[in-house]
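What follows is a single structure, written as structure tokens, with notes after it.
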Amino acid sequence: MSRAQSVADLTRAEAADELDALAREIAAHDAAYYQDDAPIITDAEYDALRQRNLDIEARFPDLKRDDSPSERVGAAPVQGFAKVTHAVAMLSLANAFDGADVDDFIQRVRKFLTLDAGQDLKLTSEPKIDGLSASLRYENGVLVRGATRGDGRVGENITENLKTVSGIPHKLPDGVPEIVEVRGEVYMSASDFTALNDRQKAAGKSEFANPRNAAAGSLRQLDPAITATRPLRFFAYAWGEMSDLPAQTQSGMVALFAAWGFDVNSDFRVCDGTDDLLAHWRDIEARRARLGYDVDGMVYKVDALDYQNRLGFVSRAPRWAIAHKFPAEQATTVLLDIDIQVGRTGALTPVAKLQEVTVGGVRVSNATLHNADEIARKDIRIGDTVVVQRAGDVIPQIVRVETDARRPDVQRFTFPTHCPVCGSPTARDLREDGEADIVIRCTGGLSCSAQVRERLKHFVSRPALDIEGLGNKQIEDLWAAGLVRMPDDIFMLRARYGDNPPDFWRYTSGAREKIGTLKDSVVKLFDAIDQRRDVALDRFIFGLGIRHVGETTARILARHFKTLEGFQAGGAALAQEDAETREGLEAIDGVGTTLILALQQFFAAAENRAILDALVAAGVSPSPVGEAETSGALAGKTIVFTGTLETVSRAEAKVRAEMLGARVAGSVSAKTDIVVAGPGAGSKRKKAEELGLTILDEKGWLKLSEQTSEQT
Ligand code: IVH
């Protein structure tokens, strides 16, 4: 999708489409970052996506989606660890990119607090560590629980792993408050990272892309003994629930953390205003490469806790703090080659193969090139000297070509006209406005082995079928061994090889660590596959990888069609241009023409219909969704929240409503059942009154939701 267009020029329809695309795109990047620890784009690019989403929402507030990325932080927790609901949510930070942004921040804070020029406002300044945040709960001075941030509301219980991290005391001194939750960043130092990667390499294991990923991978080990072998550290910088606040300032709290035995950052300062903050920022930025650990900026926080309290939070970040980012680190190297990767939907993604270079302490040999237009725009040619940058992220970008250094014989890069994997012609899609899309695709569909493999990976992935022990690596192995070609083959493995398991498992390196003997592991895999025969229909539909069908849409479709047979029949009818089916879909809130077209195209292809039939024949029988929720008073109801909620966040209210089977919509219509209106509710409340809908205040809503959850 082209993001060249200024937000001010977008039509409503374009804005809606783009918000839809952004929601999906950002969710995919969140999953890659938080669940797979393998980000696909740079932090800067990710921030730009989020910013664009916010900008479009600011211009078209009523188009804000239920699943808007601006309502979420990170991704849901992965399986394998018990879930922990944070007593106080773990939030994120807003970003400042230059001095003017910092100044704006301070002015906003002063205005909010109605401070006049003579009144002093102290701020703390400290490095923003590029690691993972963790929350440590102490009861009567004893560490009882440690958790990851997860999606900010619910994280994973990784207590045993956190106990192996240096800088985290297991016991606090006498006299600390009864309940103490200390929060901070788990990270790996640059030298420990290099040493770990050398060990990984020597052991024939895959290396980590950067210290952050190494820390994440180490912390998420199901076996704490493995975590213990990984040199992790911790800096304390924040807190969650506290039965008693033992200090009045941020700096006072951090000093106490140090006194209690936590590591705190030695570059922590209390500053007096913008100039002071910026001087500290410049000092650390100059010493950045020598700090010995990755930082991606500075964090400024209002020092006085009573001010922090008054300032409070806006959606996912506190009003009293901001992250002031450092510019990306750069280096010069040579572009050796351009690889073309083929994705699930056939999209061709160019990847730069670079002569290895160290950028900000990390060895780099690949960079993303995004798409053909990007290569043409930057006139990137194989053999060129290029400037690469990384901004605390994994896959670096090519910033520009040093054209002065270009040898006269280097050729312009021509994007392949045929798929490098299957040889089918490549093409650009036509967008709704008739323009050619930026993405170039292989037209081979299921005759392209790359597309088939990527679709299989998506099918078994966590948000889809979620088959334990069957990840990307195993799919590649099964494919290479010729055991799996189509999704139904997965469900036929036991029938075909149950008595005599093939030894594909010995190729899967990661499994060796976790699972004992070969045979056990295969049996375990077959069991895991069998367990997913009755996967929830929404996961199943999502797993099919139909374009424009994200998790939310899949849930809507699953609720609408109820059963797999219903979905198949509906899809087939749609492919036959059946008006009734089409109208049925159009009537659903959240279903648009793009989606209907995508469904129609999916079912028009005989090969896709055959896949569904084969899955049914292989004994896959997805279960209807929302059974548990169909009983309560809120099941199937559409709720709109408007105005300010005082006791819970909008996000929390939404999650709660959804848990009770309701759907949360962004705008009021005749399809709305309940409007929860807080102070400041305007046009939505008015519309609800005109339509004669049920209107509740926050108290009424809390009462209703509590009653409902007791019943269900
Ligand atoms: S304060 C409520 N301080 O940055 C505010 N965060 O982008 C809590 N981070 O989730 C955050 N260093 O993982 C804070 N010195 C620091 C930090 C820091 C790194 C991370 C943290 C947070 C993320 C927000």
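Start at 1 and go down the list; that is how both ligands and their atoms are numbered.
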Whether His324 and Trp281 hold their rings parallel, tilted or perpendicular, with breakpoints at 30° and 60°:
parallel

Cationic N near anionic O, under 4.0 Å, Glu285 to Arg282
no

Is Pro127 near ligand 1, meaning one of its heavy atoms is under 4.0 Å from it?
yes

Within 4.0 Å of some non-hydrogen atom of Leu91, the atoms of ligand 1 are 10 (O)

Does a side chain donor of either Glu126 or Tyr237 reach within less than 3.5 Å of an acceptor in the other side chain?
no

For Ser133, counting its heavy atoms only, list the atoms of ligand 1 lying under 4.0 Å from any of them.
10 (O), 13 (O)

Verify whether one side chain among Asn265 and Tyr293 offers a donor that lies under 3.5 Å from an acceptor in the other.
yes

Under 4.0 Å to a heavy atom of Glu126 - the qualifying atoms of ligand 1, by number
15 (N)

Just distances here: any N/O of Leu132 and N/O of ligand 1 closer than 3.5 Å?
no

Note: heavy atom closest to atom 3 (N) of ligand 1, options Gln308, Lys301, Lys325, Lys128, belongs to Lys301

When you look at CG of Asp120, are more than 12 heavy atoms from neighbouring residues, nucleotides or ligands closer to it than 6.0 Å?
yes

Atoms of ligand 1 close to Arg149 [distance to a heavy atom under 4.0 angstrom, numbered from 1]:
10 (O)

